[in-house]
Amino acid sequence: AYAAAASGLEDEAEAPRKAALQAAAALARLAPELPAGRQFGFKVSVVDDAFQRLCAHVVDEQRDIRIAALAAVAGK
């Protein structure tokens, strides 16, 4: 499920990106310690990966995506 949310964050359309932001944030809250893969040879947990991806969308070109990313990082 997390992999699908992570890939949805790269969608070109706004609605799937916004839904993926919400899904990634929810999964990070529900299962923070689950492995999400590897970065630079280190295991990365879902919560760490989601935080990085959400922060990357704080500068999205779409205003609603920026707001959703900030809300997700804030836990709202």
Side-chain angles (χ1 to χ4, degrees):
Y2 182 75
S7 69
L9 292 170
E10 305 307 319
D11 199 289
E12 290 186 23
E14 183 178 343
R17 280 200 323 271
K18 192 171 182 180
L21 281 168
Q22 294 166 344
L27 290 167
R29 281 191 303 273
L30 293 172
E33 297 305 319
L34 284 179
R38 297 181 85 72
Q39 291 180 354
F40 305 107
F42 295 96
K43 292 180 183 176
V44 178
S45 66
V46 167
V47 72
D48 290 334
D49 189 69
F51 180 74
Q52 292 173 20
R53 291 175 189 269
L54 295 172
C55 287
H57 282 80
V58 169
V59 294
D60 194 276
E61 61 187 33
Q62 296 292 323
R63 182 177 183 272
D64 286 345
I65 298 296
R66 292 192 304 265
I67 291 169
L70 288 168
V73 169
K76 296 185 177 189

Closest non-hydrogen contact found for A50 with A24 is CB-O, 4.0 Å
Rounding to 0.5 Å, atoms NZ (K43) and CZ (R38) come to a distance of 6.0 Å
Student check: side-chain heavy atoms of L34 and Y2 closer than 4.5 Å: no
- Task: Verify, without hydrogens or angle tests, whether H57 (side chain) and I65 (backbone) share a donor-acceptor contact under 3.5 angstrom.
- Result: no
Taking the side chain as C-beta and beyond, is there a heavy-atom pair between Q52 and Q39 under 4.5 Å? yes
message = Can a donor-acceptor pair be found, under 3.5 Å and without considering hydrogens, that links the side chain of R17 to the backbone of L9?
response = no
All heavy atoms of R66 vs all of D60, minimum pair found to be NH1-O, 2.8 Å
Closest non-hydrogen atoms of S7 and A4, given as atom of the first, atom of the second and distance, are OG-O, 3.0 Å
When every non-hydrogen atom of A5 is compared with those of A20, the smallest separation belongs to O-CB, 3.3 Å
Scanning both residues in full, the closest heavy-atom pair of A25 with L54 reads CB-CD1, 4.2 Å
In short, V58 meets A69 closest at the heavy-atom pair N-CB, 3.9 Å
Interatomic distance, CG@L70 vs CG@L21, rounded to 0.5 Å, equals 10.0 Å
